[in-house]
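Beneath this line is the structure, given in structure tokens, with notes to follow.
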Amino acid sequence: MREKDVVAWGSMISGFCQSRKFREALDYFGKMKVDGGVRPDSDIMSSVINACTGLENVDSGCVIHGYVIKSGLHQDVYVATSLVDMYSKCGFLGMAERLFSDMHDKNLVAWNSMISSYCRNGLPDQSIKLFSRIIQHGFYPDSISITSVLTAVSSTAALLNGKIIHGYVIRLEIESDIHLENALMDMYFKCGFLKYSEYIFQNMSQKDLVTWNCMISGYGSHGNCIEALSLFNEMKSSGIKPDDVTFLSLISSCNHAGLVDEGHKIFQSMRAEHGVEPKMEHYVNIVDLFGRAGRLDDAYNFVKSMTIEPDRRVWLSLLCASRTHLNVELGELAAHYLLKLEPDRGSNYVQLLHMYGDAELWEKAANIRATMKEKGLKKTPGCSWIELRDKVDVFFSGDSSSMRTVEIYEILHSIGKHMEKEGGDSEIMETI
DNA sequence: TTAGGGTTAG
């Protein structure tokens, strides 16, 4: 009878987790303990940890972790993997790493969990390294290992690694699924190999919302807005309903291509035609869209018409646009709201500082510098990278440590001149 | 009658 009780509680708790009612799952766990007489097993503890992950509540997770240790269930591979997942999704990578290395009987799921943990926490190289250790430890990667490591490859844009992994899938005859194909397609896009992405897309036996979103954003980020818009129509005809990601990709694509009215029209159609509620990200993109095109009045009127309270990104976007198109009055207004929300981020002041510099308002610029110094603020430098001859080169904004700095700037200058002749983007010119 | 890992934007 007692065993049945455990099963009954377990069914309730996991049922709540599956329907994403994490709060209720934790409440039931609480009730179970109060009612007494039932010792939770590893299944229940995995579900309970899963509920903490879903709530992104690391405090509850720590309490549960303590409980797990006391009840001796921390050695269980299911429970330990749930903990690795919970800590990494809450941003505590160190804890996840420690638990992973302490696991005695790591199975493939545990390895996969750690591979995605690294990538999720901004260490894609570690993720790729760990992947290559799977086989050394006697496991064959499955579709989930591949999907996870492909995500890591995508974020480093390391095409060679991506191709090697694609090779694994073919040689080891790893059973593919839609997640893997989506990740593969996205990886080729991110590494600039559009033809491969298209090939995979065309040959997919089934396409889901993520498939379409990957394609639309892939085209958009490579400046092919027309193709992105035509895919959107195709997607609708195929019966897949667009979501907030679809719209963000479309608006950002219009943004890159300078199709201002088209982008705004798409934004307006979100709620009216598709029943998708715009989020802050969509608002930010529209402000950016108007701002980039120099339509500052439209940008500001749009901010004033927002139905949700604008956050820092909205004001920052307006400030950057005001700087680019030298509208000091609007820039100061945007900066006022921005600094009210976030007074301690260096990059906010830097935008304002540059605007004053561009407008030759030296006294105001000096005041901003003084404030920054007083607050001890610095801006984190921008960074980009490229893979050439199997090696990834990283560049930091303003970095002059390279032996070939002079040469680099000479080439940049000549590209700038060339662009000027061709009537290029004034913002890029200014950067050069 | 129950358990752990994966894909899309900016």
Side-chain angles (χ1 to χ4, degrees), chain A residues 3-18 25 40-51 53 73 76-86 88-89 96 99-100 103 106-117 119-120 127 131 134 139 141-152 154 176-187 189-190 197 200 204 207-218 220-221 228 235 240 242-253 255-256 279-286 288-289 313 316-317:
Chain A
E3 280 306 306
K4 274 190 182 166
D5 287 346
V6 177
V7 173
W9 284 109
S11 307
M12 286 305 291
I13 294 171
S14 85
F16 279 127
C17 284
Q18 270 162 29
D41 57 11
S42 59
D43 307 358
I44 292 180
M45 292 324 296
S46 285
S47 291
V48 172
I49 297 163
N50 193 5
T53 313
L73 288 167
D76 180 277
V77 68
Y78 276 81
V79 173
T81 308
S82 304
L83 283 168
V84 168
D85 188 56
M86 187 272 293
S88 100
K89 283 184 178 155
L99 286 166
F100 177 73
M103 276 167 79
K106 296 183 188 68
N107 60 14
L108 186 61
V109 178
W111 282 89
N112 287 348
S113 175
M114 198 61 226
I115 289 172
S116 50
S117 295
C119 187
R120 185 179 297 129
S127 181
F131 172 81
I134 286 188
F139 293 105
D142 67 0
S143 63
I144 296 185
S145 330
I146 300 288
T147 307
S148 311
V149 77
L150 280 174
T151 315
S154 297
S176 188
D177 62 19
I178 198 158
H179 291 257
L180 193 154
E181 287 179 338
N182 286 342
L184 199 56
M185 197 178 78
D186 187 56
M187 181 276 292
F189 258 126
K190 299 243 167 76
S197 302
I200 294 164
M204 280 171 79
K207 297 178 174 81
D208 66 3
L209 176 63
V210 175
T211 314
W212 289 97
N213 284 352
C214 282
M215 274 312 270
I216 290 172
S217 85
S221 56
M235 170 187 181
I240 303 261
D243 71 348
D244 55 321
V245 176
T246 321
F247 287 106
L248 199 61
S249 307
L250 285 167
I251 295 168
S252 129
S253 169
N255 201 347
H256 285 139
K279 292 183 176 172
M280 193 62 78
E281 288 84 351
H282 301 91
Y283 288 100
V284 175
N285 252 280
I286 295 293
D288 207 51
L289 182 77
R313 294 165 295 173
L316 185 63
S317 175

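It should be emphasised that the depicted structure is a prediction, and the values quoted were computed from it without experimental measurement. The figures that follow rest on heavy atoms only: side chains count, while hydrogens, waters and symmetry mates do not. Throughout, protein chains are lettered first and strands after them, A, B, ... in sequence-line order, and every chain is numbered starting at 1.
Listed nucleotides B:dT2, B:dT7, B:dG4 differ in distance to A:N50; the shortest reach to its side chain belongs to B:dG4. Out of B:dG4, B:dT7, B:dG6, the shortest distance to the side chain of A:S46 is found at B:dG4. Listed candidates were B:dG6, B:dA3, B:dT7. Nearest to the side chain of A:D85 is B:dG6. The A:S11 side chain lies nearest to B:dT1 when the options are B:dG4, B:dG6, B:dT1. Side-chain proximity of A:V7 to the nucleotides B:dG4, B:dA9, B:dT1 is greatest for B:dT1. Among B:dT7, B:dA9, B:dA3, the nucleotide with an atom closest to any side-chain atom of A:S249 is B:dA9. Listed nucleotides: B:dA9, B:dG4, B:dT1. Nearest to the side chain of A:L248: B:dA9. Comparing B:dA9, B:dA3, B:dG6 against the side chain of A:L180 picks out B:dG6 as the nearest. With B:dA9, B:dG6, B:dG4 as the choices, the nucleotide that has an atom nearest any side-chain atom of A:S116 turns out to be B:dG6.
Counting non-hydrogen atoms under 4.0 angstrom, A:D288 reaches nothing in the nucleic acid. Contact annotation for A:D142: base contact, defined as any heavy-atom pair under 4.0 Å involving a base atom. Counting non-hydrogen atoms under 4.0 angstrom, A:S42 reaches a base of the nucleic acid. Using a 4.0 Å heavy-atom cutoff across all strands shown, A:V77 reaches at least one base atom of the nucleic acid. Counting any heavy atom pair closer than 4.0 Å across all strands shown, A:K106 reaches no nucleic acid atom. At the heavy-atom level, A:T211 lies nowhere under 4.0 Å from the strands shown. No engagement by A:K279 is indicated, since no non-hydrogen atom pair under 4.0 Å with the nucleic acid exists. At a threshold of 4.0 angstrom between heavy atoms, the contacts of A:D177 include nucleobase atoms, whether or not backbone atoms are also involved.
Side chains of A:S113 and A:D85: a donor-acceptor N/O pair is absent below 3.5 angstrom, by distance only. Side-chain contact, A:N255 with A:S252: no donor N or O sits under 3.5 Å from an acceptor N or O.
Donor-acceptor pairing under 3.5 Å, judged by distance alone, is absent between the side chain of A:N182 and the base of B:dG6. With hydrogens and angles ignored, a donor-acceptor pair closer than 3.5 Å exists between the side chain of A:T147 and the base of B:dG6.
Partners of A:N182 by side-chain contact (heavy atoms from CB on, under 4.5 Å), not counting sequence neighbours, listed by chain and number: A:I178, A:M204, A:D208, A:V210, A:T211. For A:S46, the side-chain contact (heavy atoms from CB on, under 4.5 Å) partners at least two apart in sequence or on another chain are A:Y78, A:V79, A:S82.
Side chain of A:S317 to main chain of A:R313: no donor-acceptor pair is present (N/O by atom type, distance under 3.5 Å, no hydrogens or angles).
For the pair A:Q18 CD and B:dG4 C1', the interatomic distance rounds to 13 Å; values are reported in whole Å. In this structure, CE of A:M185 is placed 9 Å from C1' of B:dT7, rounded to the nearest angstrom. The distance between atom CE of A:M12 and atom C1' of B:dA3, rounded to the nearest whole Å, is 17 Å. Per the geometry, CD belonging to A:E181 stands 14 Å off C1' belonging to B:dG6, to the nearest Å.
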Run the ring-ring contact (aromatic ring centres under 6.0 Å, His included) check on A:W111 and A:F131 step by step: do they pass? CA-CA 8 Å; A:W111 282 89; A:F131 172 81; over 10 Å; no

